[in-house]
Amino acid sequence: MTDLANRRILVTGSAGFIGFHVARALLEQGEQVLGIDDFTPYYDPRLKEARNAQLENHPGFTLARTSIADAESFGTAWRDFRPQVVIHLAAQAGVRYSIDHPQSYIDANITGTFNLLELARHNPLDHLLAASTSSVYGANTDMPFAESQKTQNPVSLYAATKGATELIGHSYSHLFGIPATFFRFFTVYGPWGRPDMAPIKFARAILSGQPIDVYNHGDMVRDFTYIDDLVAAIIALIDAVPGTDAVPGDSLSPVAPFRKVNIGGGNPVKLGDFIDSLERAIGRPAVRNLLPMQPGDMQQTYADIGLLEALTGKRTPTSLDDGIAAFVDWYRGYNAA
Ligand SMILES: NC(=O)c1ccc[n+]([C@@H]2O[C@H](COP(=O)([O-])OP(=O)(O)OC[C@H]3O[C@@H](n4cnc5c(N)ncnc54)[C@H](O)[C@@H]3O)[C@@H](O)[C@H]2O)c1
């Protein structure tokens, strides 16, 4: 352990968009972090390498370049590090990609999370925190989406695998007393973001004068969450270990130290307003190519963040214009480098 070390925290998916930001924030507050990532080629691995290179500058960081779907190498890395807290962010993400590449969702999300739960079963932890998604709300139409709603109507395999990890996680939490929090993230954006998501796709197109594909003719609403707000919420939740005491509006299981928590901005934005904000930050107009709804997409997402606030205190989200401006600054700098 280095002098900086406080807790030993394992972050899966540390070279990914969210994992990188979470690991960096933990390192900056003096934690010791083991990152696990296998740099999958879902999008340009050079972006993952660039994120990872920043983490490697911290003395408290170690990387295990391995797949969580490989029980043996994952287990060796875990046992060598002996984590007290695990933040599980590795996954095959993306709604649309799951239509043509279903197997990668089963391997990373189902097998990988199962391997992780087996390790947590045999190596007790203070707290397991794992990423699920707002996509589990699927075809639900009651807005805002609250953790108390049933999530039996996924509209993509991605959502179905994430919902399955919540269920498997609950069973392990119940059977083996693993304190577990499953987050449901709502459309996260910001610097170092994912190239398969709208902000980068749109920024790239606007800067090069190409049209942007706007699905459902622009009639889409997303509860965009700025990355720094998400990271602050995740770190605050590390200490909100599910026990037996429920807070108001809690999703705490009656039989396990297990809860689900939405992490969103709580402030849904129309796709058109999001594009307007990008145009302002970039200083160029977008050419909008209006298209029909894509299979697997949800028309609207809107997070009820009452439980998050009950657990971590009232939050003031970053405004869309501020978040987009920070994203565009990063995007320009990264591509100029
Ligand atoms: N970004 C969002 O808006 C959003 C919304 C809802 C949920 N989520 C969830 O948050 C988590 C992080 O998402 P992200 O946006 O950072 O995605 P990302 O794709 O940038 O990061 C995921 C990381 O996991 C790694 N990975 C994938 N399969 C692996 C495996 N088998 N073994 C080891 N590493 C593996 C990838 O290489 C990648 O670096 C995911 O669980 C995702 O489903 C993200």
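Residue indices begin at 1 and follow the sequence shown.
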Exercise for the section: Enumerate the residue pairs fulfilling ring-ring contact (aromatic ring centres under 6.0 Å, His included) with a member in residues 261-286, sequence neighbours excluded, ordered by first and then second residue. Expected result: F224-F274
Completion exercise
Here the salt bridge (charged side-chain N to carboxylate O under 4.0 Å, His left out) pairs for residues 51-76, sequence neighbours left out, are E49-R65
Handout entry: T113 and T165 side chains, donor-acceptor separation under 3.5 Å
Key = no
Exercise for the section: List for me each residue that meets salt bridge (charged side-chain N to carboxylate O under 4.0 Å, His left out) alongside D196, sequence neighbours excluded, and say none if there are none. Expected result: R194
Practice task
Mark yes or no for whether N140, through its side chain, and D142, through its backbone, hold a donor-acceptor pair below 3.5 Å.
Solution key: no
Handout entry: Donor-acceptor pair, side chain of D107 and main chain of S104, under 3.5 angstrom
Key = no
Exercise for the section: Locate the shortest heavy-atom distance separating A90 from T12; write the atom from each residue and the value. Expected result: N-OG1, 2.9 Å
Practice task
Please confirm whether Y105 and H101 have ring centers closer than 6.0 angstrom.
Solution key: no
Handout entry: Short side-chain donor-acceptor distance under 3.5 Å, S253 and H170
Key = yes
Exercise for the section: Find the distance between NZ (K201) and CD1 (I206) and round it off to the nearest 0.5 Å. Expected result: 13.0 Å
Fill in the blank from the handout: Taken to the nearest 0.5 Å, the spacing of T151 OG1 from K162 NZ works out to 13.5 Å
Handout entry: Within residues 281-308 or reaching into it, pairs that qualify as ring-ring contact (aromatic ring centres under 6.0 Å, His included) - sequence neighbours excluded
Key = none
Exercise for the section: Go through the steps to decide whether F185 and I234 satisfy the test side-chain contact (heavy atoms from CB on, under 4.5 Å), and finish with yes or no. Expected result: CA-CA 10 Å; F185 298 155; I234 291 174; 3.7 Å; yes
Practice task
Kindly give the heavy-atom pair with the smallest separation between R284 and L207, and that separation in Å.
Solution key: NH1-O, 2.9 Å
Exercise for the section: Please examine the side chains of T181 and L311, heavy atoms only from C-beta on, and report whether any two atoms are closer than 4.5 Å. Expected result: no
Handout entry: Heavy-atom pair of closest approach, residues G265 and I305
Key = O-CD1, 3.9 Å
Practice task
Run the salt-bridge test on K270 and D276 with the 4.0 Å N-O cut-off and return the result as yes or no.
Solution key: no
Practice task
Using the ring of Y43 (Phe, Tyr or Trp, six-membered ring only), decide whether K48 places NZ or CZ under 6.0 Å from its centre and within 45 degrees of its axis.
Solution key: yes
Exercise for the section: Give a yes or no on whether R82 atom CZ has more than 12 heavy-atom contacts from other residues, nucleotides or ligands under 6.0 Å away. Expected result: no
Practice task
For the residue pair T141 and Q299, establish whether any side-chain heavy-atom pair is separated by less than 4.5 Å.
Solution key: no
Practice task
For residues D297 and N216, determine if any side-chain heavy atom of one lies less than 4.5 Å from a side-chain heavy atom of the other.
Solution key: no
Completion exercise
Output for pair (M197 CE, F17 CZ), nearest 0.5 Å, gives 7.0 Å
Handout entry: Lys/Arg N to Asp/Glu carboxylate O, R259 vs E147, below 4.0 Å
Key = no
Problem - Residue pair F182, F258: steps toward the ring-ring contact (aromatic ring centres under 6.0 Å, His included) verdict - result: CA-CA 8 Å; F182 274 65; F258 176 97; 5.4 Å; yes
Practice task
Kindly compute the distance separating CZ (R8) from CD (Q32), expressed to the nearest 0.5 Å.
Solution key: 7.0 Å
Problem - Non-hydrogen side-chain atoms of V33 and S14 separated by less than 4.5 Å - result: no
Problem - Check: Q149 side chain, P144 main-chain N or O, donor-acceptor pair, under 3.5 Å - result: yes
Side-chain donor/acceptor pairs under 3.5 Å, residues 320-337, sequence neighbours excluded:
from	atom 1	to	atom 2	distance (Å)
D321	OD1	S277	OG	2.6
D321	OD1	R280	NH2	3.0
D321	OD2	R280	NH2	3.4
D322	OD2	S319	OG	3.3
R332	NH2	I282	O	2.9
N335	ND2	Y331	O	2.8

Exercise for the section: Supply the atom-to-atom distance D229 CG to I263 CD1, rounded to the nearest 0.5 angstrom. Expected result: 10.5 Å
Handout entry: Evaluation steps, side-chain contact (heavy atoms from CB on, under 4.5 Å), between Q29 and R7
Key = CA-CA 10 Å; Q29 70 177 40; R7 291 173 289 191; 3.8 Å; yes
Exercise for the section: Please determine, by modelled atom types, if Y158 and Q92 share a side-chain donor-acceptor pair under 3.5 angstrom. Expected result: no
Practice task
For E28, enumerate each residue passing the salt bridge (charged side-chain N to carboxylate O under 4.0 Å, His left out) test, keeping only those at least two apart in sequence or located in another chain.
Solution key: none
Problem - side-chain contact (heavy atoms from CB on, under 4.5 Å) evaluation trace for L26 with I238 - result: CA-CA 11 Å; L26 291 170; I238 293 175; 3.9 Å; yes
Practice task
Would you indicate whether the side-chain heavy atoms of R222 and Y189 approach each other to under 4.5 Å?
Solution key: no
Completion exercise
Nearest heavy-atom contact between P242 and A180 is CG-O, 3.4 Å
Practice task
Determine yes or no for a side-chain-to-main-chain donor-acceptor pair under 3.5 angstrom, with D223 supplying the side chain and G264 the backbone.
Solution key: no
Problem - Interatomic spacing from CD1 in I36 to CG in L63 - rounded to 0.5 Å - result: 8.5 Å
Exercise for the section: Might you point out which heavy atoms bring A205 and I212 nearest each other, and give the distance in Å? Expected result: CB-CG2, 3.5 Å
Problem - Co-membership, hydrophobic cluster, residues L34 and L119, 4.5 Å side-chain - result: yes
Practice task
May I ask you to test the W78-P83 pair for a side-chain heavy-atom distance under 4.5 Å?
Solution key: yes
Exercise for the section: Give a yes or no on whether the backbone of L308 and the side-chain of N262 come within a donor-acceptor separation of less than 3.5 Å. Expected result: no
Handout entry: Closest approach of D126 to V241 (non-hydrogen atoms, all atoms of both residues)
Key = O-CG1, 3.6 Å
Practice task
May I have the step-by-step check of side-chain contact (heavy atoms from CB on, under 4.5 Å) for H88 and I68, ending in yes or no?
Solution key: CA-CA 10 Å; H88 176 36; I68 57 167; 3.6 Å; yes
